[in-house]
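Inspection log for the structure reproduced underneath, given as structure tokens.
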Amino acid sequence: MEFKKDEVSKTYIESQLSDPPHINVIDKETFNQRIQEVFSILHDTLKRSFGPGGAGTFVSVYPSYYNTKDGFNIMKNIGWDVKLDQIISDMVMSVCSRMNFTVGDGTTTAVIATESIYNSYMNNRDFFKKHHILPREILKRLDIWKEKILKGIDDSSVSIRSDDPDVLKENIKKVVSISSNNNEEITNMISDLYGQLMYPAISCGISKDGTMKSSIVRGYKIDVSLTDKLYINNDNKTAFINGADVIMFDHRVTKDTYQKIVSPLNESCRSRGRKLVCIAPYYDETALNGVIRSELTKEYNKTKDINLVLTVCKKATGDNKILLDDLAMLLHTTLISSSMETDIIEKIDKSGNTGNTIYEYFDIDNREIPDISVAVKVSEGHLALANYKKDLQDIFGEEWKNECIRVGYCDEADIGLNQSTFSGFYYDEEIYKNYLAIATDEYNAIRKKCETIGSFSFELVAKQKRLYSLRLNTGLIEVGASSELSQGYLKDTVDDAVKAAASAYNNGIVLGCNLSLIGIITNFLDNAEDEIDKALLSILYQGFTDVYRAVLSNVFDDFTIDFEDYPVNDEEIKNVYDNFVEEFEEKSGYYNSFTEEEFNKIFTNNLCSTCYDLIIYKSLMEQKVFDLTTGDFSDSVINSAETDKEILQATIDLLALLITGNQIVLQ
């Protein structure tokens with residue numbers, strides 16, 4: 001059978017149109033429902049790990065695994081089979097990552113609070129519809145209350161700073177203990193470092209030998225290393241030098257550089273009883289393996305020592321250039337550029353006398369460094385050595401030329417095969433303050449940017465490293481573990497604890513379990529007059545008290561106290577109290593923390609109906625948190641004020657994701 005052309009076309013078109021159109025758009029109802037389902041799974045998963053009584057979670061990355069209780073760590077390892085679910089989870093992650101990046105804590109709290117607030121919102125949705133309040137109006141009002149609550153947190157925060165090292169140490173210990181889930185080793189390491197440093201300047205790295213350890217780096221630590229093991233003079237496998245002159249180049253040292261600048265300058269330093277440290281990114285291979293190595297080897301064979309200490313640094317570009325400039329500033333010298341070197345060598349060649357280099361181009365005497373050996377002019381063409389004193393200043397007046405390059409100096413240089421530490425500086429105070437101010441501003445700017453977008457940046461690490469280095473006292477924690485994966489997890493834990501401590505130091509502390517936040521919301525709720533505002537504040541109150549309940553629920557089950565027909569005579573009241581005490585001690589495993597008077601006051605006024613309610617009410621009344629490690633109400637359960645602020649902001653952002661009702665286009 002044959003078809004005509006137009007009949008074939010018609011059949012083909014009909015077959016194409018037999019099914020309804022398919023596009024990659026998911027409508028807002030379907031998308032919103034899916035968000036709720038994914039969010040509920042995240043809530044249930046993270047809640048099980050929450051608080052001191054929460055269960056650890058094994059994260060398996062075959063063939064290794066590790067155990068964690070950190071909510072953010074758990075959430076970022078949850079995988080989803082459906083692309084849409086992964087997208088929703090990533091949206092939640094993007095909100096929580098800002099918080100985790102800033103304070104190292106709060107992910108689980110934000111997810112639990114948001115789930116509860118959303119459920120309360122859904123239960124009150126008819127109320128909002130009745131008052132013609134759209135979701136965008138709800139979010140607008142919540143943003144207004146958010147700002148008021150944030151101010152309330154700032155006003156209620158308490159500083160933990162102290163000039164007493166022991167007091168500061170104990171304050172930091174409380175913060176880190178909570179953040180690290182009572183990891184005693186991490187808590188002691190960080191608090192001990194604060195007791196010595198007195199300010200937040202702690203960096204965290206991976207231990208090369210697998211052991212956990214902490215140390216204080218005093219001085220300026222930088223990636224400058226020895227060119228030869230012959231320089232090593234101690235068991236630490238470093239070259240330790242007392243009183244070192246230093247010359248720095250930002251480019252390759254050539255044979256000309258060595259013969260016309262470095263070598264003559266080294267002889268001048270040697271005559272004054274000091275070694276010369278030369279820092280450069282690299283050395284000309286021909287020169288190094290030829291004349292340089294030959295002269296240095298000859299000296300070592302003769303004296304078992306080498307006066308000129310050749311070191312290499314990272315290439316002088318970008319952040320490395322900045323760090324070298326900082327070291328030059330601290331050493332009170334100049335990082336010599338290629339053009340500067342060319343100019344000096346040209347002048348030397350014209351004079352035909354490299355021996356005069358010290359007087360015409362470099363200053364190693366007129367540096368106002370107390371008690372170091374200097375050469376003074378005693379007569380025409382004759383110099384004598386003396387210890388520098390202020391009264392020698394006039395002797396240098398005629399000879400000193402402003403265009404001379406000041407040779408760097410430090411009291412101690414500990415130069416290793418990978419890193420070196422320089423200490424004991426004689427820098428210009430005003431210049432140093434300016435460098436420190438710039439480094440602080442740059443660090444704060446990039447930190448604020450990362451907090452805003454909720455993203456990690458290697459630029460922030462570089463800025464932090466520079467700032468800590470310039471402070472000349474830096475704490476270092478080297479994380480060790482039995483496997484590379486476990487080491488990585490433990491490093492995350494230490495990083496979070498370090499962030500929590502720094503945040504508490506910088507922003508003050510509030511009571512844990514969001515108790516300060518709940519108290520502030522309660523005060524606003526008690527004074528609110530508008531019905532809509534009362535409803536919204538009640539929803540927020542419910543959300544954050546549910547966070548407190550979640551912490552308790554991982555330790556013991558709640559139970560109801562029936563007081564509908566509350567007894568009126570003393571004997572019956574005592575029986576109810578005794579029954580409560582018995583049930584509380586049996587279910588919680590703690591000794592009773594409520595006096596009979598407290599119990600009667602609360603229940604005769606119908607203020608609470610469950611054990612959890614009773615705990616929260618007493619916590620608010622006494623401004624103390626129920627400490628699940630002791631069973632007592634304590635004001636030592638604390639966290640950074642910034643943590644509560646970040647949790648509140650993340651919760652409002654997550655709530656917006658749940659109630660705005662967007663559609664999505666999948667690519």
Side-chain angles (χ1 to χ4, degrees), residues 25-43 87-88 91-92 94-96 98-99 106 109-155 452 454 514 516-550 609 613 616 620 644-665:
V25 178
I26 297 174
D27 64 77
K28 67 178 185 178
E29 288 79 15
T30 304
F31 183 44
N32 197 51
Q33 177 63 34
R34 198 68 172 190
I35 288 175
Q36 294 173 45
E37 293 171 357
V38 170
F39 208 92
S40 180
I41 292 171
L42 290 174
H43 168 274
I87 290 171
I88 295 169
M91 288 179 176
V92 178
S94 68
V95 174
C96 293
R98 181 192 66 219
M99 177 171 50
T109 300
V111 171
I112 291 174
T114 304
E115 171 83 355
S116 173
I117 291 168
Y118 177 75
N119 289 335
S120 295
Y121 161 76
M122 293 299 289
N123 292 335
N124 287 274
R125 192 164 51 170
D126 291 341
F127 168 83
F128 292 117
K129 284 184 177 179
K130 177 183 174 182
H131 288 80
H132 308 291
I133 305 296
L134 297 174
R136 63 173 177 269
E137 175 64 21
I138 291 173
L139 293 174
K140 183 178 178 181
R141 290 199 181 212
L142 282 175
D143 276 335
I144 293 171
W145 281 113
K146 178 184 73 175
E147 294 305 317
K148 293 180 179 180
I149 296 168
L150 290 175
K151 185 179 183 305
I153 295 172
D154 283 333
D155 293 341
T452 302
N514 303 121
S516 295
L517 180 58
I518 295 168
I520 293 165
I521 294 171
T522 301
N523 290 335
F524 282 129
L525 181 58
D526 291 342
N527 294 293
E529 296 180 357
D530 182 89
E531 275 191 279
I532 307 302
D533 286 337
K534 278 187 175 180
L536 292 176
L537 288 167
S538 296
I539 289 172
L540 289 177
Y541 175 85
Q542 182 66 42
F544 288 107
T545 53
D546 277 352
V547 173
Y548 200 159
R549 292 184 180 91
S609 60
D613 290 339
I616 293 171
L620 287 167
D644 273 24
K645 291 171 68 175
E646 287 291 336
I647 286 170
L648 177 65
Q649 294 187 84
T651 299
I652 301 298
D653 289 346
L654 290 172
L655 188 63
L657 179 67
L658 286 167
I659 73 173
T660 48
N662 298 291
Q663 63 182 2
I664 186 171
V665 177

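Atoms considered below: every heavy atom in the structure, side chains included; atoms not considered: hydrogens, waters and symmetry mates. Keep in mind the model is a prediction, meaning the values are calculated, not measured.
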To the nearest 0.5 Å, what is the distance between [atom1] on [X] and [atom2] on [Y]?
X	Y	atom1	atom2	answer
Ser516	Ile521	OG	CD1	11.0 Å
Asn514	Ile647	CG	CD1	5.0 Å
Leu537	Ile532	CG	CD1	11.5 Å
Thr30	Asp27	OG1	CG	3.5 Å
Gln542	Asp546	CD	CG	4.5 Å
Lys146	Leu139	NZ	CG	10.0 Å

Where the side chain of [X] meets the backbone of [Y], is there a donor-acceptor pair that is under 3.5 Å apart?
X	Y	answer
Thr522	Ile518	yes
Ser116	Ile112	no
Thr114	Ala110	yes
Asp533	Glu529	no

What I'd like to find out is whether the side chain of [X] reaches to under 4.5 Å of the side chain of [Y], using heavy atoms alone.
X	Y	result
Leu648	Phe544	yes
Arg34	Ile88	yes
Val92	Val38	no
Phe524	Leu540	no
Glu115	Leu658	no
Lys148	Ile520	no
Ile138	Tyr121	yes

request  = Evaluate the criterion side chain to side chain donor-acceptor pair (under 3.5 Å) for residue pair Gln33 and Glu37; output intermediate values, then yes/no.
outcome  = CA-CA 6 Å; Gln33 177 63 34; Glu37 293 171 357; 3.2 Å; yes
Looking at every heavy atom in both [X] and [Y], which two are closest together, and how far apart are they?
X	Y	value
Thr651	Ala113	OG1-CB, 4.0 Å
Leu657	Asn32	O-OD1, 4.4 Å
Lys534	Leu525	O-CD1, 3.5 Å

ask   = Going through the checks in order, is the side chain to side chain contact (heavy atoms under 4.5 Å, CB included) test met by Asp154 and Lys645?
value = CA-CA 9 Å; Asp154 283 333; Lys645 291 171 68 175; 2.9 Å; yes
Basic-acidic side-chain contact under 4.0 Å: [X], [Y]:
X	Y	answer
Asp530	Arg141	yes
Lys140	Asp143	no
Glu147	Lys151	no

task = Take Tyr118 and Leu654, measure what side chain to side chain contact (heavy atoms under 4.5 Å, CB included) needs, and give me the verdict at the end.
result = CA-CA 9 Å; Tyr118 177 75; Leu654 290 172; over 6 Å; no
Quick one: side chains of residues 126-133, donor-acceptor pairs under 3.5 Å with protein atoms, not counting sequence neighbours, listed by atom name and distance.
residue	atom	partner	partner atom	Å
His131	ND1	Phe127	O	3.0

message = Can you see whether Gln649 engages Asp653 through a side-chain donor-acceptor pair at a distance of less than 3.5 angstrom?
response =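 Distance-only check fails for Gln649 and Asp653.
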